[in-house]
**Q** 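Would you mind keeping the following structure in view while I ask a few things?
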Amino acid sequence: MCDRHGAVLVFDEVIAGFRIARGGAAEKYGVRPDLSVFGKAMAGGFTQSAVVAGRIWLIR
């Protein structure tokens, strides 16, 4: 639906990231978001966020 309407699909994986599957909700449900954001799962519970995956046209 996002592709059809030209909207950016963003997955906020702060809660679900690495818990549901190694690749987060994107891997579990077979959906490829334009941008994935992971946070506390990478920082051992401390406040930290990082954009770790995204389509090249969006990051530029």
Side-chain angles (χ1 to χ4, degrees):
M1 189 176 234
C2 287
D3 289 340
R4 189 174 349 151
H5 295 286
V8 176
L9 178 61
V10 178
F11 274 22
D12 181 351
E13 299 273 16
V14 172
I15 301 292
F18 309 125
R19 292 182 184 160
I20 292 177
R22 181 177 279 178
E27 179 183 319
K28 169 90 173 160
Y29 299 111
V31 176
R32 187 172 176 206
D34 296 312
L35 186 68
S36 292
V37 181
F38 294 83
K40 291 183 181 182
M42 292 175 27
F46 294 102
T47 304
Q48 176 182 356
S49 294
V51 175
V52 296
R55 297 194 185 192
I56 195 69
W57 62 266
L58 184 63
I59 294 174
R60 286 185 187 182

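Note that the structure is a prediction, hence the values are computed from the model and not measured.
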**Q** Do you know which two heavy atoms are closest between F11 and A25, and how far apart they sit?
**A**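 Result for this residue pair: CE2-C, 4.1 Å.
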**Q** Which heavy-atom pair separates E27 from A21 by the least distance, and what is that distance?
**A**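 Looks like OE2-CB, 3.9 Å.
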**Q** For D34 and A7, work out which heavy atoms get closest and say how close.
**A**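 In this case the closest contact between D34 and A7 is OD2-O, 3.8 Å.
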**Q** Taking all atoms of both residues into account, what is the closest heavy-atom pair of L9 and R32, and its distance?
**A**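 So the minimum-distance heavy-atom pair works out to CD2-O, 4.3 Å.
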